[in-house]
**Q** 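I'd like to ask you about the structure that follows.
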Number of protein chains: 2
Amino acid sequence: MSPVSEASLWAALADPHRRSIVALLLERPRPVGEIVEACGLSQPSTSKHLKVLRDAGLVRVHQDAQRRVYALDPAPIAALDAWLAPYRALWTTSLDALGRRLDETSDDTDEPSAKD
Amino acid sequence: MSPVSEASLWAALADPHRRSIVALLLERPRPVGEIVEACGLSQPSTSKHLKVLRDAGLVRVHQDAQRRVYALDPAPIAALDAWLAPYRALWTTSLDALGRRLDETSDDTDEPSAKD
DNA sequence: GCTCAATATGCCTCTTCGGTTATATAGCTG
DNA sequence: CAGCTATATAACCGAAGAGGCATATTGAGC
């Protein structure tokens with residue numbers, strides 16, 4: 001019944017520009033032109049990103065004359081939240097248990113930091 | 001705070017195999033061999049995925065003889081949760097406000113619920 | 001020190017993805 | 001209907017990513 005696969009949801013959000021768009025639409029629905037301007041991308045490129053977001057079910061379109069107004073659809077993000085749920089226990093409930101786990105497995109003072 | 005870029009976190013989780021690995025490690029820390037078997041991938045490919053996860057800060061390694069035992073690190077996932085926070089309001093607090101928004105912009109009848 | 005076991009890396013290929021330019025479509029306006 | 005505006009789609013290209021095979025590395029055991 002799920003109209004969109006979780007895979008396409010992750011794939012959609014993997015791109016930083018698309019996350020920006022999603023963030024923009026969190027504030028309020030916007031027509032394409034506005035998104036183009038805000039993102040600094042070309043119009044075709046933006047349209048493609050919007051298509052990916054549409055296919056992932058993350059946004060909905062409302063046609064208003066020649067304008068297409070995009071709005072966020074919360075459902076897929078809620079699905080993300082659901083995916084996250086089992087992990088949330090790691091830093092809320094049993095932080096100590098995990099702490100022990102990491103502790104006994106850390107010999108490695110490595111920091112993968114500063115990649116990007 | 002987060003030593004690793006959000007971008008690499010998303011990129012890491014964008015791959016379904018890597019999400020599988022993360023899910024495996026949620027149950028318990030595992031050596032590479034076990035992950036290889038569970039994922040059905042080749043050992044080199046698995047090692048590469050593990051490197052990506054390491055670079056994203058999602059996993060930590062504990063060397064045990066020749067074995068490398070990988071364990072989940074909750075911090076980056078907590079960061080994901082933080083990212084999600086502003087959106088969470090969409091389906092918890094102001095569902096009605098958003099409902100109106102979607103309503104007036106709906107040309108498509110959708111169903112929530114989406115698993116992989 | 002040699003060999004085996006476990007894991008990581010290098011190299012190569014193939015596909016996917018994101019961006020660009022050019023063009024098509026649809027609605028408005030005169 | 002002509003022309004303009006707003007957006008989508010197509011064709012193309014270069015870059016990145018994921019998988020496979022072969023090989024390097026490292027620790028253990030004899």
Side-chain angles (χ1 to χ4, degrees), chain A residues 4-22 24-25 29-71 105-108 110 112 115-116, chain B residues 4-22 24-25 28-71 105 107-108:
Chain A
V4 202
S5 75
E6 197 185 276
S8 62
L9 171 59
W10 282 103
L13 290 176
D15 185 87
H17 285 138
R18 285 194 290 263
R19 286 199 300 277
S20 299
I21 294 177
V22 166
L24 277 174
L25 296 182
R30 301 179 192 252
V32 178
E34 225 175 291
I35 301 173
V36 167
E37 231 184 294
C39 286
L41 283 174
S42 71
Q43 176 268 313
S45 183
T46 306
S47 252
K48 270 199 204 171
H49 284 304
L50 287 171
K51 177 175 176 51
V52 174
L53 291 172
R54 247 184 295 136
D55 290 348
L58 276 160
V59 301
R60 291 164 168 272
V61 207
H62 168 234
Q63 183 143 10
D64 168 53
Q66 321 103 334
R67 297 243 167 91
R68 304 279 191 107
V69 180
Y70 281 80
T105 59
S106 73
D107 55 343
D108 166 3
D110 100 305
K115 274 306 107 106
D116 177 20
Chain B
V4 201
S5 74
E6 196 184 273
S8 62
L9 172 60
W10 282 104
L13 289 175
D15 184 87
H17 285 139
R18 286 195 289 263
R19 286 198 302 277
S20 299
I21 294 177
V22 166
L24 278 173
L25 296 182
R28 66 164 184 275
R30 302 179 193 250
V32 177
E34 226 175 288
I35 302 173
V36 167
E37 234 185 290
C39 286
L41 282 174
S42 72
Q43 176 268 312
S45 183
T46 306
S47 253
K48 274 194 204 168
H49 283 305
L50 287 170
K51 176 176 176 52
V52 174
L53 291 172
R54 245 184 298 138
D55 290 348
L58 276 160
V59 301
R60 292 166 168 269
V61 207
H62 167 233
Q63 184 144 7
D64 168 52
Q66 317 102 337
R67 296 240 167 91
R68 303 281 192 106
V69 180
Y70 280 81
T105 60
D107 50 351
D108 165 17

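These numbers come from a predicted model, not from an experiment. Proteins come first, then strands; the chains are lettered A, B, ... in the order of their sequence lines, and each starts at number 1.
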**Q** Would you call A/K51 and A/D55 a side-chain contact if the rule is heavy atoms closer than 4.5 Å?
**A** yes
**Q** Round to the nearest Å and state the distance from A/R68 atom CZ to C/dC28 atom C1'.
**A**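 These atoms are roughly 15 Å apart.
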**Q** Donor-acceptor pair, B/R68 side chain versus B/V32 backbone, under 3.5 Å?
**A** no
**Q** Which nucleotide in the set C/dA22, C/dA8, C/dC28 lies at the smallest distance from any side-chain heavy atom of A/Q66?
**A**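 Out of C/dA22, C/dA8, C/dC28, the nucleotide with an atom closest to A/Q66's side chain is C/dC28.
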**Q** Pick the closest DNA chain D nucleotide for A/Q43 and for B/D15 by heavy atoms, then say which residue is nearer the 5' end.
**A** A/Q43
**Q** Checking A/R19 side chain against A/A14 main chain: does a donor-acceptor pair fall under 3.5 Å?
**A** yes
**Q** Within this structure, what is the CZ-to-P distance between B/R67 and C/dA8, rounded to whole angstrom?
**A**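 Distance check: B/R67 CZ to C/dA8 P gives 13 Å.
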**Q** Remember a base hit wins even if backbone is also touched, and classify A/S47 as base, sugar-phosphate or nothing at under 4.0 Å, heavy atoms.
**A** base
**Q** Determine whether a donor-acceptor pair (N or O, by modelled atom type, separation under 3.5 Å) exists between the side chain of A/R18 and the backbone of A/A12.
**A** yes
**Q** Output the rounded distance in Å from NE2 (A/H49) to P (C/dC17).
**A** 12 Å
**Q** Are any non-hydrogen side-chain atoms of B/H62 and B/R67 less than 4.5 angstrom apart?
**A**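 A side-chain contact under 4.5 Å is absent here.
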**Q** Donor-acceptor pair under 3.5 Å: do we get one between B/K51's side chain and the base of C/dT7?
**A** no
**Q** Would you confirm whether B/T46, through its side chain, and B/S42, through its main-chain N or O, come within 3.5 Å as a donor-acceptor pair?
**A**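 Indeed, once roles are kept as given, a pair shorter than 3.5 Å links the two residues.
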**Q** Under 4.0 Å, heavy atoms only, any strand: does B/S45 hit a base, just the sugar-phosphate, or nothing?
**A**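 Sugar-phosphate, no base atom in range.
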**Q** Could you tell me the separation between the CG atom of A/L50 and the P atom of C/dG19, rounded to a whole number of Å?
**A**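 Rounded to whole Å, this separation is 12 Å.
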**Q** Roughly, in whole Å, what's the span from CD in B/Q63 to C1' in C/dA5?
**A**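 Answer to the nearest Å: 13 Å.
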**Q** Check whether any side-chain N or O of A/S8 sits under 3.5 Å from a backbone N or O of A/S5 as a donor-acceptor pair, and report yes or no.
**A**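 Checked: pair present.
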**Q** Measure from CZ on A/R19 to C1' on C/dG18 and round the result to the nearest Å.
**A**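 Going from A/R19 (CZ) to C/dG18 (C1'), I get 14 Å.
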**Q** Under 4.0 angstrom, heavy atoms only, what part of the nucleic acid is B/P31 near: base, sugar-phosphate, or nothing?
**A** sugar-phosphate
**Q** Quick check on DNA chain C: between A/S42 and A/A65, whose nearest nucleotide comes earlier from the 5' end?
**A** A/S42
**Q** Using whole Å, what does the distance between atom C1' of nucleotide C/dA26 and atom CG of A/D64 come to?
**A** 14 Å
**Q** What is the distance, rounded to the nearest whole Å, between atom NE2 of A/H62 and atom P of C/dA26?
**A**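 In whole Å, C/dA26 P and A/H62 NE2 are 18 Å from each other.
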**Q** Please find the earliest and latest nucleotides of DNA chain D, in the 5' to 3' direction, that have an atom within less than 4.0 Å of any heavy atom of chain B.
**A** D/dA18 to D/dA28
